[in-house]
Amino acid sequence: MITINNIERAYTTKEIADTLEIGDSTLRKWCASLEKNGYIFTKNDQNYRLFVEHDIIFLRQFKKLVKEANMPLDNASSLILERFSGQSFTTRTGVVPLETGTQDTRSLDAITKFEEKVMERFNQQEEVNRQLVELIDKQNKIIEDQKKYIEEKFDERDQQLTESIRAAKETKKLLIEQKEQEKKGFFLRLFGK
């Protein structure tokens, strides 16, 4: 942690990674994604990122979107920056002076509202997903019932065909035997006794 008189505390990458319970490389990827979408981090004279309170708030929101809502990095970056586009977070440079008095509650309120909206949308999406799974399960049940019905009908048809073939063979056999009897009867009558 770095502090300068009358200057807001600035944290190192390692400190923020520990605070967010993520790896240093993960934090660097997240920061790169945010910067790619227009977010500006405070940097020291060696061009290393220094994180202030606003950055921590942003990164916590970013973590919720990426880790809890499973959102891709670019989408999470765009969404966060879109929500806070009117705020001073994306236009500052250098080290941010320490605010006198109370913390800016407007930005915290905006972040809280944003978080609530994201979680509401996430919950709505979860409900839609649950309904879709139920619908798919119902469709699968209907398909299974249809398959079962079709298989039963095929089995019935196969049994009827088998019985018809068996009956046809029986009839043919009886006809052959009858013709044999008729031939024997004719020759017996003809050549007599």
Side-chain angles (χ1 to χ4, degrees), residues 1-140:
M1 176 180 66
I2 301 168
T3 56
I4 301 173
N5 290 343
N6 223 13
I7 303 265
E8 187 174 3
R9 291 190 311 188
Y11 301 89
T12 64
T13 299
K14 178 71 175 144
E15 290 173 316
I16 298 302
D18 290 344
T19 299
L20 296 174
E21 298 177 345
I22 59 173
D24 293 358
S25 62
T26 300
L27 178 59
R28 282 191 285 279
K29 286 179 193 173
W30 290 5
C31 292
S33 178
L34 283 165
E35 287 174 332
K36 181 176 137 186
N37 285 286
Y39 191 85
I40 299 172
F41 287 98
T42 302
K43 295 189 178 183
N44 66 12
D45 56 352
Q46 296 169 338
N47 208 28
Y48 291 121
R49 289 183 193 98
L50 296 175
F51 300 90
V52 292
E53 294 300 320
H54 287 107
D55 299 328
I56 297 169
I57 293 168
F58 254 66
L59 289 165
R60 281 192 176 125
Q61 296 305 312
F62 192 85
K63 179 181 178 182
K64 286 182 181 184
L65 292 174
V66 171
K67 295 285 188 181
E68 295 173 18
N70 257 351
M71 191 176 287
L73 296 181
D74 282 341
N75 292 358
S77 297
S78 297
L79 185 60
I80 283 180
L81 293 172
E82 179 182 306
R83 289 290 179 184
F84 297 104
S85 62
Q87 308 269 340
S88 62
F89 304 127
T90 58
T91 59
R92 62 182 160 74
T93 57
V95 179
V96 179
L98 184 62
E99 295 177 19
T100 58
T102 62
Q103 199 172 15
D104 185 2
T105 57
R106 287 178 297 161
S107 62
L108 292 176
D109 289 342
I111 290 170
T112 303
K113 287 178 185 176
F114 169 72
E115 180 182 89
E116 288 171 359
K117 285 181 181 179
V118 168
M119 291 312 292
E120 181 181 329
R121 287 184 183 164
F122 178 74
N123 290 334
Q124 288 172 348
Q125 187 62 46
E126 285 292 313
E127 178 62 21
V128 168
N129 289 346
R130 186 190 61 74
Q131 290 173 354
L132 285 173
V133 167
E134 284 179 8
L135 183 61
I136 289 169
D137 287 345
K138 286 178 184 177
Q139 291 297 324
N140 286 340

For the residue pair Tyr39 and Phe58, categorise the inter-ring angle as parallel (less than 30°), tilted (30 to 60°) or perpendicular (more than 60°).
-> tilted

Compare all side-chain heavy atoms of Thr19 with those of Phe51 and state whether any distance is below 4.5 angstrom.
-> no

Side chain of Ser78, backbone of Asp74: donor and acceptor closer than 3.5 Å?
-> yes

CD of Glu82 to CG of Asn75, rounded to nearest 0.5 Å, is 11.0 Å

Taking atom CD of Glu21 as the centre, report whether more than 12 heavy atoms of other residues, nucleotides or ligands fall under 6.0 Å from it.
-> no

What is the distance from atom CH2 of Trp30 to atom CD1 of Ile16, rounded to the nearest 0.5 Å?
-> 12.0 Å

Within a strict 4.5 Å, meaning less than it, do heavy atoms of the Leu65 and Ile80 side chains meet?
-> yes

What are the two closest heavy atoms between Leu81 and Asn37, and how far apart are they?
-> CD1-O, 3.1 Å

When rounded to the nearest 0.5 angstrom, what distance separates CG in Leu50 from CG in Asn44?
-> 5.0 Å

Atom pair NE2/CZ of His54 and Phe41 - distance to nearest 0.5 Å | 13.0 Å

Asn129-Gln125 side chain donor-acceptor pair, cut-off 3.5 Å = yes

Are Arg130 and Val133 close enough that some pair of their side-chain heavy atoms sits under 4.5 Å apart?
-> no

Is it true that Arg49 and Glu35 have a side-chain N and a carboxylate O under 4.0 angstrom from each other?
-> yes

Could you give the distance from CZ (Arg60) to NZ (Lys63), rounded to the nearest 0.5 Å?
-> 9.0 Å

Residues that Asp18 engages under salt bridge (Lys or Arg N to Asp or Glu O under 4.0 Å), provided they are two or more places apart | Lys14

Pairwise distance CG(Leu34) to NZ(Lys29) - rounded to 0.5 angstrom = 14.5 Å

Start with the C-alpha gap between Leu20 and Phe62, add the side-chain angles, then the distance that decides, and say whether side chain to side chain contact (heavy atoms under 4.5 Å, CB included) holds.
-> CA-CA 10 Å; Leu20 296 174; Phe62 192 85; over 6 Å; no

